[in-house]
Amino acid sequence: METAAELAQMNSALTGRRAAGDRIVLVPTMGNLHHGHLSLLRKARDYGDYVVATIFVNPFQFGENEDFDSYPRTLKTDLQRLEAMGCDLVFVPKIKDVYPRGPEHATQIEVPDLSSILCGQQRPGFFRGVATVVNILFNMVRPDAAVFGEKDYQQLLVIRRMVDDLHMTIEILVGETVRERDGLAMSSRNNYLTPAERELAPMIFKQLQKVRAELRAGEGDFKAVCKRATDALEAAGFKPDYFEVRRAQDLNIPTSIDDELRILAAAWLGKARLIDNLAA
Ligand code: PAF
């Protein structure tokens, strides 16, 4: 596995691959890799001929009072894990190379509508930061395909919309959510949980499952089921940001019971903001 910190170094590794017609697959990450990321790597490995991972903690997607400074940075272990997973190239760019004029002066990508609801409402500017950096990474790596996790369902839809609107020719592959044995979706931010909070955390998944079971049993009052789930989480000590049933394709409010539905939740537990979702 090759590690590149400079664009020129990455390009010299990729030029021959492109010329050989290899299918290059990108897995963008912010590092602190866990089994969730590794399953994205596996997907990339299965699909592509040459797998590139990026590790870049993107300052532009963190709000002023968010955890950019304290976000876990574990480069050494990340590189070992990527190598063990058969990654071919890791690109670890510096902030000044990604944003030569500084993040706040960079050309920005705004995906309207989708970016301002749910997580976007709670974290203004977050999806602008994600779409902007993913677009930059796409331009730097120029992959044939890229893999994103379904745990970040709204992010996945934002990226898909960007690719569609900008007529990019990059295929977006989806990695299923990887869970701990007790159901908690794997996330770097699970590290912020105290042992007591960690025991409680799978309750989000349990509530999602409960809502799914109710919908499957014919419950059509989405507001009422979500309110019951929100109340249960609150009573247990979570601070829910939202718990919603939405249309799977665009996260709009469902208009008919025939819509394909997604159940999505975000809640604070101590210092960790946990998100999760399920197909209804
Ligand atoms: O999901 C993430 O880790 C990040 O949002 C991403 C896609 C790597 C962009 O910084």
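Whatever order the structure lists them in is the order used to number ligands and atoms, beginning at 1. All residue numbers refer to positions in the sequence shown, counting from 1.
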### Query
Strictly by modelled atom types, are Asn58 and Tyr99 linked by a side-chain donor-acceptor pair under 3.5 Å?
yes
### Query
What is the nearest protein non-hydrogen atom to atom 7 (C) of ligand 1, stated with its residue, atom name and distance?
Gln155 NE2, 3.5 Å
### Summary
Short version for Thr29: what comes under 4.0 Å of ligand 1, heavy atoms counted, is backbone
### Task
Taking atom types as modelled, find out whether Asp259 and Thr255 have a side-chain donor-acceptor pair closer than 3.5 angstrom.
yes
### Query
So, Glu171 versus Tyr47: side-chain donor-acceptor pair below 3.5 Å or not?
yes
### Message
At less than 4.0 angstrom from any non-hydrogen atom of Val133, what atoms of ligand 1 do you find?
### Response
9 (C), 10 (O)
#### Entry: Test item: side-chain donor near acceptor, Asn191 and Asn32, under 3.5 Å
yes
### Protein contact of atom 9 (C) of ligand 1 - nearest heavy atom, named by residue and atom, plus distance
Gln61 OE1, 3.3 Å
### Message
Checking Asp67 against Tyr192: is there a side-chain donor and acceptor pair closer than 3.5 Å?
### Response
yes
### Task
For atom 3 (O) of ligand 1, grab the closest protein heavy atom and report residue, atom and distance to one decimal in Å.
Met30 CG, 3.7 Å
